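In what follows, chains carry the letters A, B, and so on, assigned in the order in which the sequence lines appear, proteins first and then strands, with residues in each chain numbered from 1. These numbers were taken from a predicted model, which means no experiment stands behind them.
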Amino acid sequence: MRMRERKPVEWLLREGKPGEEYTVAGWVDAVRRHGGVVFVVVRDRTGRMQLVVKKNVSKEAWKKARKLSLESVIAARGVLTESKAALGGRELQVRELEVLSEAAPLPIDIKNPEKTTLAKRLDYRWLDLRNPRNKLIFLIESEMARAAREWFRRHGFVEIFTSKLVGSATEGGAEVFPVLYFDKQAFLAQSPQLYKQMGVIAGFEKVFEIAPAFRAEPHHTTRHLTEYTSVDFEMGFIDSYMDVLETALQVIIEMVKAALEKYRDEIKEYFPDAILEVPRYKIISMEEARDILAAHGKELPPDADLDSEAERLLGKIMSEQGYHIVAVTRYPWACRPFYTMPCTCGEGGSFPECCENLRPDTPTCSFDILFRGLEVATGGQRQHNPECLVKQLKNKGLHPESFKWYIEMFRHGAPPHGGAGIGLERVTMQLLGLKNIREARLTPRDPERLTP
RNA sequence: GCCGCGGUAGUAUAGCCUGGCCUAGUAUGCGGGCCUGUCAAGCCCGUGACCCGGGUUCAAAUCCCGGCCGCGGCGCCA
């Protein structure tokens with residue numbers, strides 16, 4: 001049988017002519033043996049259809065069909081017929097059957113993913129993803145990445161591809177993976193942060209990147225990966241960090257919208273906890289967030305980040321008011337990286353004096369975006385005054401010498417700018433209501449797992 | 001990194017607390033048989049497991065210690 005004659009299942013069910021002979025090929029989805037007749041359900045990328053293999057039509061094909069194992073790859077040729085009993089209303093009366101690749105007994109239950117632990121499913125990811133529910137997660141991610149990319153391009157952002165091998169840690173040092181770079185010490189980039197800024201300063205003005213980021217934190221939770229996809233952008237000539245926040249929100253909305261427009265029915269079918277409408281958002285300040293939380297019995301000190309309990313609580317309160325997305329602004333200096341623009345500078349320009357007396361609770365021009373109570377994005381305005389940067393580095397206990405080229409970059413004309421990073425897998429997880437972020441990554445990496 | 005829970009056929013589980021009655025039960029898968037209209041096919045027969053190492057004991061799936069792995073929480077973060 002020739003593969004070039006192969007017809008997709010969807011096409012056969014819709015447009016094939018009954019009475020004509022066709023070739024299909026795909027995976028064995030089900031086999032039902034009934035003595036002289038064997039029903040085989042074949043599955044390809046476009047759908048599933050029933051093959052009928054009768055002993056009195058082709059004894060040879062019938063013999064092969066009886067022995068088919070689930071998930072083997074087969075090709076079949078036969079006459080398309082109408083059949084009320086068949087799934088899709090049509091079936092193929094097989095004259096010729098070929099086993100292209102025989103499948104060994106399956107180690108996991110593909111039909112019912114909930115009957116196998118996630119760890120086991122991940123060990124056999126290539127089988128796990130044959131399940132339509134699991135496969136859908138990645139069709140959605142593909143769609144969301146496309147939507148984000150197209151949105152950026154439509155709005156004048158340039159796609160860049162930054163180094164993932166870096167010479168120094170971006171923000172501290174503890175959470176980066178060290179790698180041996182010939183005879184030197186290097187690291188895997190935990191964020192494209194510094195390079196995005198370089199893109200803006202180089203004159204691209206607006207840049208974005210959709211690429212992996214690496215975090216060496218040994219988290220054992222349902223929402224952390226050591227390698228994830230970051231949807232990052234950076235934009236110059238902003239009036240304030242609110243321009244950045246608006247952009248981040250629009251991108252997230254655009255991603256969710258695209259996923260829902262294309263896959264709403266499937267999402268509804270497979271993910272009972274998913275959101276089916278484009279979420280509304282609300283922007284509040286850290287001060288307001290603290291007041292709301294305090295009113296619900298959760299007190300936070302003025303220099304503290306929202307802990308995961310606070311995030312969940314805030315997410316719940318805001319969701320009940322109809323806002324699945326809430327952006328929290330003005331994070332205290334103590335919780336933000338050294339390059340963050342403090343609110344004492346920020347609006348209206350940055351001068352050497354404005355970053356003098358930074359205290360742990362000094363508000364910064366920054367924000368986090370929570371989607372159903374989980375942080376999915378972080379961003380803000382960056383400090384573009386090199387003198388301030390040095391002060392801010394020192395304030396954080398870092399050594400300016402380690403960031404030499406970074407600081408140097410701001411001495412040759414750096415526009416006011418800011419950006420954000422959006423966690424693709426986290427958006428997917430919260431959109432679909434997944435219980436574990438590992439489900440949203442093709443081959444997840446956590447502190448223990450390095451294969452497949 | 002810290003804390004808690006766990007590891008039994010291919011998969012998912014019962015048994016563990018209160019050691020012997022376990023020749024380790026059940027479901028599903030897998031192998032074989034019957035069956036020409038099934039679609040979670042059915043019926044009959046069969047196959048298959050106590051994570052690794054050490055200890056306690058007359059006796060360990062069961063109790064203790066260590067390791068590895070898994071699940072989750074926290075800190076932190078996308």
Side-chain angles (χ1 to χ4, degrees), chain A residues 29-41 48-57 62 65-67 69-71 81 83-88 91 93 103-124 127-128 171-172 174-175 190-193 210-232 248 252 304-309 311-312 331 335-337 368-371 374-379 420-430 435-438 440-441 446-450:
Chain A
D29 195 78
V31 187
R32 291 184 281 275
R33 288 164 261 257
H34 290 267
V37 61
V38 179
F39 298 95
V40 179
V41 177
R48 296 182 298 165
M49 79 177 293
Q50 177 163 282
L51 310 178
V52 186
V53 192
K54 288 178 176 167
K55 192 179 181 181
N56 62 11
V57 173
W62 172 80
R66 280 171 53 86
K67 290 201 185 322
S69 58
L70 291 179
E71 297 304 320
T81 56
S83 164
K84 286 214 174 83
L87 117 132
E91 60 191 16
Q93 301 285 339
L106 303 180
I108 60 171
D109 189 339
I110 295 176
K111 286 272 170 2
N112 310 289
E114 71 285 353
K115 288 192 175 172
T116 308
T117 56
L118 180 57
K120 209 60 161 181
R121 284 170 44 202
L122 293 174
D123 286 340
Y124 296 96
L127 284 175
D128 185 48
E171 284 151 45
E175 70 270 19
Q190 50 150 219
S191 147
Q193 184 58 35
I210 300 174
F214 305 91
R215 300 284 160 96
E217 295 283 348
H219 303 291
H220 289 98
T221 75
T222 52
R223 60 186 189 282
H224 288 96
L225 296 165
T226 53
E227 179 187 36
Y228 68 93
T229 304
S230 184
V231 177
D232 256 284
I252 293 172
D305 204 344
L306 297 175
D307 57 35
S308 54
E309 188 196 355
E311 285 183 2
R312 279 194 299 271
Y331 271 67
C335 319
R336 291 280 140 163
D368 272 10
I369 298 174
L370 309 183
F371 184 12
L374 178 69
E375 188 179 330
V376 296
T378 298
I422 302 164
L424 178 65
E425 292 86 356
R426 283 199 171 177
V427 174
T428 309
M429 177 182 180
Q430 294 309 92
K435 297 274 187 291
N436 194 319
I437 198 165
R438 279 168 261 230
R441 180 103 192 151
D446 63 34
E448 267 70 43
R449 180 176 291 275
L450 212 43

Sequence-aligned protein contact record of nucleotides 42-47 of chain B, with B where the base is within under 4.0 Å of a protein heavy atom and S where only the sugar-phosphate is: ------
Under 4.0 Å protein heavy-atom contact, by nucleotide of nucleotides 1-16 of chain B - B base, S sugar-phosphate only: BB-------SSS----
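Take A:Arg312 and apply the salt bridge (charged side-chain N to carboxylate O under 4.0 Å, His left out) test, not counting sequence neighbours, and it matches no residue. With sequence neighbours excluded, no residue forms a salt bridge (charged side-chain N to carboxylate O under 4.0 Å, His left out) with A:Glu311. With sequence neighbours excluded, the residues forming a side-chain contact (heavy atoms from CB on, under 4.5 Å) with A:Arg223 are A:Thr221, A:Ser308, A:Leu374, A:Arg426, A:Met429, listed by chain and number. A search for salt bridge (charged side-chain N to carboxylate O under 4.0 Å, His left out) contacts involving A:Glu227 returns A:Arg441, not counting sequence neighbours. For A:Tyr228, the ring pair (Phe, Tyr, Trp, His ring centres under 6.0 Å) test picks out no residue, with sequence neighbours left out. Applying the ring pair (Phe, Tyr, Trp, His ring centres under 6.0 Å) rule to A:His220 yields no partners; only residues at least two apart in sequence or on another chain are considered. Looking at residues two or more places apart in sequence or on another chain, you find a side-chain contact (heavy atoms from CB on, under 4.5 Å) between A:Ala377 and A:Ile252, A:Ile369, A:Ile422. Taking the side-chain hydrogen bond (donor to acceptor under 3.5 Å, both in side chains) definition, one finds that A:Arg336 meets it with A:Asp368, sequence neighbours left out.
Rounded to whole Å, atom C1' of B:U36 lies 10 Å from atom CH2 of A:Trp62. As a whole-Å value, the separation of A:Arg312 CZ from B:G73 P is 8 Å.
Nearest-nucleotide assignment on RNA chain B puts the 5′-proximal partner with A:Val37, out of A:Val37 and A:Gly423.
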Base-pair map of RNA chain B as dot-bracket, where | denotes pairing with a different strand and pairs are Watson-Crick or G-U under 3.5 Å: (((((((..((((......[....)))).(((((.......)))))....(((((..]....))))))))))))....
Only distances under 3.5 Å count here; give the side-chain donor-acceptor pairs of residues 106-118 of chain A to other protein atoms, sequence neighbours excluded, each with its distance to 0.1 Å.
| from | atom 1 | to | atom 2 | distance (Å) |
| --- | --- | --- | --- | --- |
| A:Asp109 | OD1 | A:Lys111 | N | 3.1 |
| A:Asp109 | OD1 | A:Asn112 | N | 3.2 |
| A:Asp109 | OD2 | A:Asn112 | ND2 | 3.2 |
| A:Lys111 | NZ | A:Asp29 | O | 2.7 |
| A:Lys111 | NZ | A:Asp29 | OD2 | 3.3 |

